[in-house]
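Working notes, structure below.
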Number of protein chains: 2
Amino acid sequence: MGDGARHIPEATVSRLPVYLRSLAELLDDNVPTVSSERLAEMAGVNAAKVRKDLSYLGSYGTRGVGYEVEYLAFQMSRELGLTRDWPVAIMGAGNLGQALANYGGFTDRGFPVACLIDADESKVGTRIHGIPVYAPADLPGLVQELGISIGIIATPATVAQAVADHVVASGIKSILNFAPTVINVPEGTFLRKVDLALELQVLSFYQEHRTPDRV
Amino acid sequence: MGDGARHIPEATVSRLPVYLRSLAELLDDNVPTVSSERLAEMAGVNAAKVRKDLSYLGSYGTRGVGYEVEYLAFQMSRELGLTRDWPVAIMGAGNLGQALANYGGFTDRGFPVACLIDADESKVGTRIHGIPVYAPADLPGLVQELGISIGIIATPATVAQAVADHVVASGIKSILNFAPTVINVPEGTFLRKVDLALELQVLSFYQEHRTPDRV
DNA sequence: GGTGCTTTGTGAACGTGTGCACGAGCGGGG
DNA sequence: CCCCGCTCGTGCACACGTTCACAAAGCACC
């Protein structure tokens, strides 16, 4: 079946980056092919899931052999849209915003931090960890000039919705929200959230309800 | 019935902190009761889900009226184990570790950062944002003295597994992993992960596969 | 060229999560 | 005291995700 009509389940999409990271490791070690079993072990899932997930991308494996690492990595990068860079704008140059700007993990993986945006006049015009700080009003122009496609919200919760509205109005279609609050975006805008305290609260729950009957 | 034998689904557990945050807002505004519909709107889910989720905690609502905000918030805090503080140790005093130590959102929500742990001798003994830095070997003692119950891994991926092993060996039962790699923990240890680049890659995927047939 | 070993790709069964729709129960008003 | 309107609690049906199990297909060796 050619290339077209697949719909990849959301759960699978969330695992693709993990597989891709594993493949990158294998590439570094010059491993030519990998079985679903080995890949499953590296990605921390089971082999059947790996095979089903990869089958959504197409039939890139060889029975009796496994998957060619380099080819699979390329196909997966293409599918994830990682064959080009996606510049991001970080909204909010406070603690969290600065920390994210300084965190190298984004640029490394093809998401260069193009700018920081902050309403504080005293920060505008400066550079933080080498990244220029602009005013909110500059955002639409920056989106055009720098091809910014993703906005990262690292503001206090109180202004997060207003900031998100501004990000959307500036022409950005994807938002990653770090503010500990629910934000709403119009149809056609993609939103994901990272809630740091939430993760700790979930851990707290399971620790409190430690294995029901075992000590 | 009563209080005992419920098993709360994982998906529900992940939403409880969101409800709790909404309830805290209502408390601030002195709102005495709230309907499942209003709470659903605040939490960004639908009303049926709210009612089903809350029913796992017990029958704390009143038909025809709604839920008493203060009482529900208390019951939920209790269920989540948030009636006491859970001190955390941050493993790794690099970029990310320092940023997390400086991020106030943890302490605010009952997860005080008790210490930073780093292998770099030149950092050990100093304070970063007021938080003392210790050597890895000090961890077991700190767990005992300070009652540390959660380890946050903010090290490079290359050493994350070794660090996790050390955290487990030191008596910590819950781990939040920020390192971009899969780590394995023994049965009985709770593990959650936050993968920043992964979130961006997922956004990249959906942006690349923008709404199939619409422009 | 055939035989046997290996590993993929996938149909089918199972389990978890979601959403509807409605009965049950409470409060208020007459 | 009864009736009416409101909102919770939940059984049921459906969708989504996971796992199993096995046929299909390639490779290697003889």
Side-chain angles (χ1 to χ4, degrees), chain A residues 1-3 5-19 22-23 26 31-69 71-73 75-76 79 202 205-206, chain B residues 1-3 5-19 22-23 26 31-73 75-76 79 182 202 205-206:
Chain A
M1 313 239 163
D3 212 21
R6 307 148 314 212
H7 174 253
I8 304 185
E10 194 173 329
T12 295
V13 173
S14 299
R15 282 187 296 265
L16 294 182
V18 181
Y19 299 143
S22 306
L23 291 172
L26 293 169
V31 177
T33 63
V34 64
S35 67
S36 59
E37 193 155 359
R38 175 84 183 94
L39 194 51
E41 186 193 328
M42 295 180 75
V45 300
N46 74 36
K49 201 181 283 185
V50 169
R51 290 200 297 277
K52 183 144 281 192
D53 284 344
L54 296 187
S55 76
Y56 290 115
L57 304 181
S59 286
Y60 295 141
T62 307
R63 293 166 198 236
V65 178
Y67 302 87
E68 200 202 323
V69 173
Y71 184 61
L72 182 59
Q75 291 296 343
M76 199 174 289
E79 196 71 29
V202 171
F205 172 89
Y206 284 112
Chain B
M1 310 254 160
D3 211 25
R6 309 147 313 213
H7 174 255
I8 302 185
E10 196 173 328
T12 295
V13 173
S14 298
R15 282 188 295 265
L16 294 183
V18 181
Y19 299 142
S22 304
L23 291 172
L26 293 169
V31 178
T33 63
V34 63
S35 68
S36 59
E37 192 154 358
R38 176 84 184 96
L39 194 51
E41 186 193 329
M42 296 180 75
V45 299
N46 74 36
K49 202 181 283 184
V50 169
R51 288 199 298 276
K52 186 151 282 189
D53 285 343
L54 296 187
S55 77
Y56 290 115
L57 304 181
S59 287
Y60 294 142
T62 306
R63 295 167 198 231
V65 178
Y67 301 89
E68 200 203 324
V69 173
E70 190 172 352
Y71 184 61
L72 182 59
Q75 290 298 343
M76 198 174 288
E79 195 71 28
V182 173
V202 171
F205 173 89
Y206 284 111

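Order of the sequence lines fixes the chain letters, A, B, ..., with proteins taken first and strands second; residue numbering starts at 1 for each chain. Just so it is clear, the structure is predicted and the values come from calculations on it, not from any experiment.
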Validation row: F205(A), I8(B) side chains within 4.5 angstrom (heavy atoms):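 F205(A) vs I8(B): side chains touch.
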Could you check if a side-chain atom of E41(B) sits within less than 4.5 angstrom of a side-chain atom of E37(B), using non-hydrogen atoms only?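 Side chain of E41(B) against side chain of E37(B), heavy atoms only: no contact under 4.5 Å found.
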Identify whether any heavy atom of R38(A) sits under 4.0 Å from a base atom; if not, whether one sits that close to sugar-phosphate; answer base, sugar-phosphate or nothing.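 Nothing, no nucleic acid heavy atom in range.
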Using every non-hydrogen atom in the two residues, find where [X] and [Y] come nearest and quote the distance to one decimal.
| X | Y | result |
| --- | --- | --- |
| V182(B) | A43(A) | CG2-O, 3.5 Å |
| V69(B) | V31(B) | CG2-O, 3.4 Å |
| Y67(B) | G61(B) | CD2-CA, 3.4 Å |
| E68(B) | T33(B) | CA-CG2, 4.2 Å |
| V50(B) | V45(B) | CG2-CG2, 3.6 Å |

Determine, for nucleotides 19-28 of chain C in 5'-to-3' order, which nucleotides have protein heavy atoms under 4.0 Å from the base (write B), from only the sugar-phosphate (write S), or from neither (write -). BBB-BBBBS-
Of all nucleotides in DNA chain D that come within under 4.0 Å of a heavy atom of chain A, which is furthest toward the 5' end and which toward the 3' end?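 Here the contact window of chain A covers dG17(D) to dC27(D).
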Nearest nucleotide by nearest heavy atom, which residue falls closer to the 5' end of DNA chain C, S35(A) or P9(B)?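 Going by which nucleotide is closer to the 5' end, it is S35(A).
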For the pair made of [atom1] in [X] and [atom2] in [N], what is the distance, rounded to whole Å?
| X | N | atom1 | atom2 | value |
| --- | --- | --- | --- | --- |
| E10(B) | dT18(C) | CD | P | 11 Å |
| I8(B) | dG17(C) | CD1 | P | 12 Å |
| D53(B) | dT16(C) | CG | P | 16 Å |

Got more than 12 heavy atoms from elsewhere within 6.0 Å of CD, Q75(A)?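 Enclosed: over 12 neighbouring heavy atoms sit under 6.0 Å from CD of Q75(A).
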